[in-house]
Amino acid sequence: MPDPVIEQNRRSWNAVVPAHVSHRADEAAFLRQGGSTLFPEEVALLGDVHGCRLLHLLCNTGVDSLSLAARGAIVTGVDLSDAAIAHARALSIASGIPATFVQADVYEYLAAAAAAHTRFERIYAGYGVMCWLRDLTAFANGVAALLTPGGRFVLLEFHPASNMFNADWQLAYDYPQGGQTLTLPGVGDYVGAANGGLSPSGFLPGVCNFVNPEPCILYRWGVGEVVTALVQAGLRLHVLQEYCYVNGEQPFTRMVATPERRMYPPADVPAIPLMYGLAVEKDANDG
């Protein structure tokens, strides 16, 4: 029997995908013309991906996956939402950029891929992914099992410290930790709220005043817990960076945008870490 929490989250994502897509101008043409949705942070942490087998976990609608494929990676994208995966497959065909997209719960995919002896030189997950993971240890062990010797896992994520503040920059919540569950009314239309920050192909008004009819359940983890799980899975920490800005999204009021789609706090708000990035590697002798 399907896990009811997984199914509920799948329905919540399926409901919001059309709203997200509605705010993005012709993504296929954007990709065909050499456009990319990647930010410099993940590009730097991943390094040269040309010719690498690359697994993109929780890949959403696939445009980041295809941007990685355009850099020469052999990409497999995995996401829980069948609506997101359907869009990703159609976008791959329309853009002419090949990639494989799989609809699956991330834990089921990791276990099945390990059993099939599938391996990757790079594994990537980015921007709002850790909150969907119910078991950090199982995730970290699953990632480690799929990496080739010398392979690298890269994560770009919103900083848990930023989750302590409400939208008006007021300290309001406890620091996320322990995998505490958080039930929300549903995945929101953050693409529309970003007002172009997440639509490099061009921003469209699209769906207005979206209300998700399907609630979702998230899990709250701290940075230390994420790093510890990866290290205890046998991966070596290569780099951990914190950034006092956020890419694309506008989770707070009065954010200051740059042409590079970086969002900074306003001048009257002290700098706090809004995002972090890490890279961990599998020992080259670990066969």
Between His23 and Asp189, a side-chain donor and acceptor under 3.5 Å: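 Looking only at side-chain atoms, Asp189 and His23 do form a donor-acceptor pair, the distance falling under 3.5 Å.
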
Report yes or no: do Glu225 and Gln177 form a side-chain donor-acceptor pair below 3.5 Å?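 No, Gln177 and Glu225 have no side-chain donor paired with an acceptor closer than 3.5 Å.
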
May I ask you to check whether over 12 heavy atoms, not counting those of [X], lie within 6.0 Å of atom [atom1]?
X	atom1	value
Arg71	CZ	no
Asp268	CG	yes
Asp168	CG	yes

Side chains of [X] and [Y] in contact at under 4.5 Å (non-hydrogen atoms):
X	Y	answer
Ile123	Leu54	no
Ile97	Val75	no
Met275	Tyr127	yes
Val17	Thr61	yes
Leu133	Tyr107	yes
Asp79	His56	no
Val246	Ser162	no
Met255	Pro251	yes

Apply side-chain contact (heavy atoms from CB on, under 4.5 Å) to residues Tyr124 and Phe153 and explain how you reach the verdict. CA-CA 6 Å; Tyr124 171 64; Phe153 169 69; over 6 Å; no

Roughly how far apart are [X] [atom1] and [Y] [atom2], rounded to 0.5 Å?
X	Y	atom1	atom2	answer
Thr148	Glu281	OG1	CD	10.5 Å
Tyr219	Thr181	OH	OG1	7.5 Å
Gln180	Leu218	CD	CG	12.5 Å
Leu45	Gln241	CG	CD	5.5 Å
Asp64	Cys59	CG	SG	9.0 Å
Leu57	Thr76	CG	OG1	10.0 Å

Backbone N/O of [Y] and side chain of [X]: donor-acceptor pair under 3.5 Å:
X	Y	value
Glu42	Phe39	yes
Arg11	Glu214	no
Arg220	Cys131	no
Asn60	Gly62	no
Glu157	Gly277	no
Ser12	Gly186	no
Ser22	Val207	yes
Thr228	Gly224	yes
Asn14	Ala83	yes
Ser92	Ala88	no

Are [Y] and [X] linked, directly or through intermediate hydrophobic residues, by side-chain heavy-atom contacts shorter than 4.5 Å (ILVMFWY only)?
X	Y	result
Leu171	Val223	yes
Val129	Leu68	yes
Val143	Leu146	yes
Val269	Phe158	yes
Leu38	Leu31	no

Nearest heavy-atom pair of [X] and [Y]: which atoms, and what distance?
X	Y	result
Pro176	Met164	CD-CG, 4.4 Å
Thr37	Pro200	CG2-CG, 3.6 Å
Gln250	Asn195	NE2-CB, 4.3 Å
Ala279	Val154	CB-CG2, 4.0 Å
Asn212	Val187	ND2-O, 3.0 Å
Trp13	Ser81	CB-CB, 3.8 Å

Would Ser199 and Leu204 satisfy side-chain contact (heavy atoms from CB on, under 4.5 Å), going step by step from the backbone distance to the final call? CA-CA 8 Å; Ser199 305; Leu204 301 174; over 6 Å; no

Start with the C-alpha distance between Tyr190 and His20, add both sets of side-chain angles, then the distance that settles ring pair (Phe, Tyr, Trp, His ring centres under 6.0 Å), and finish with yes or no. CA-CA 8 Å; Tyr190 54 82; His20 288 174; 4.3 Å; yes

I would like to know whether Phe165 and Tyr173 meet side-chain contact (heavy atoms from CB on, under 4.5 Å); could you show each step before the answer? CA-CA 6 Å; Phe165 297 83; Tyr173 310 109; over 6 Å; no

Is the shortest distance from a Lys or Arg side-chain nitrogen in [X] or [Y] to a carboxylate oxygen in the other one below 4.0 Å?
X	Y	value
Glu41	Arg262	yes
Asp82	Arg10	yes
Arg134	Asp105	yes

Ring centre gap for Tyr243 and His159 strictly below 6.0 Å: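 Here the rings of His159 and Tyr243 have centres that are no less than 6.0 Å from each other.
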
Aromatic ring centroids of Trp221 and Trp132 under 6.0 Å?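 Centroid separation for Trp221 and Trp132: 6.0 Å or greater.
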
Would Glu121 and Lys282 satisfy salt bridge (charged side-chain N to carboxylate O under 4.0 Å, His left out), going step by step from the backbone distance to the final call? CA-CA 10 Å; Glu121 284 79 24; Lys282 190 168 187 175; over 6 Å; no

Can you list the steps and then say if Tyr109 with Leu55 is a side-chain contact (heavy atoms from CB on, under 4.5 Å)? CA-CA 11 Å; Tyr109 177 84; Leu55 174 63; 3.7 Å; yes

Mind checking whether Phe252 and Trp169 have parallel, tilted or perpendicular rings, split at 30° and 60°?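 Parallel: the ring planes of Phe252 and Trp169 meet at under 30°.
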
Residue from Leu182, Leu184, Val5 passing side chain to side chain contact (heavy atoms under 4.5 Å, CB included) with Ile217: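 Of the listed options, the one satisfying the test is Val5.
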
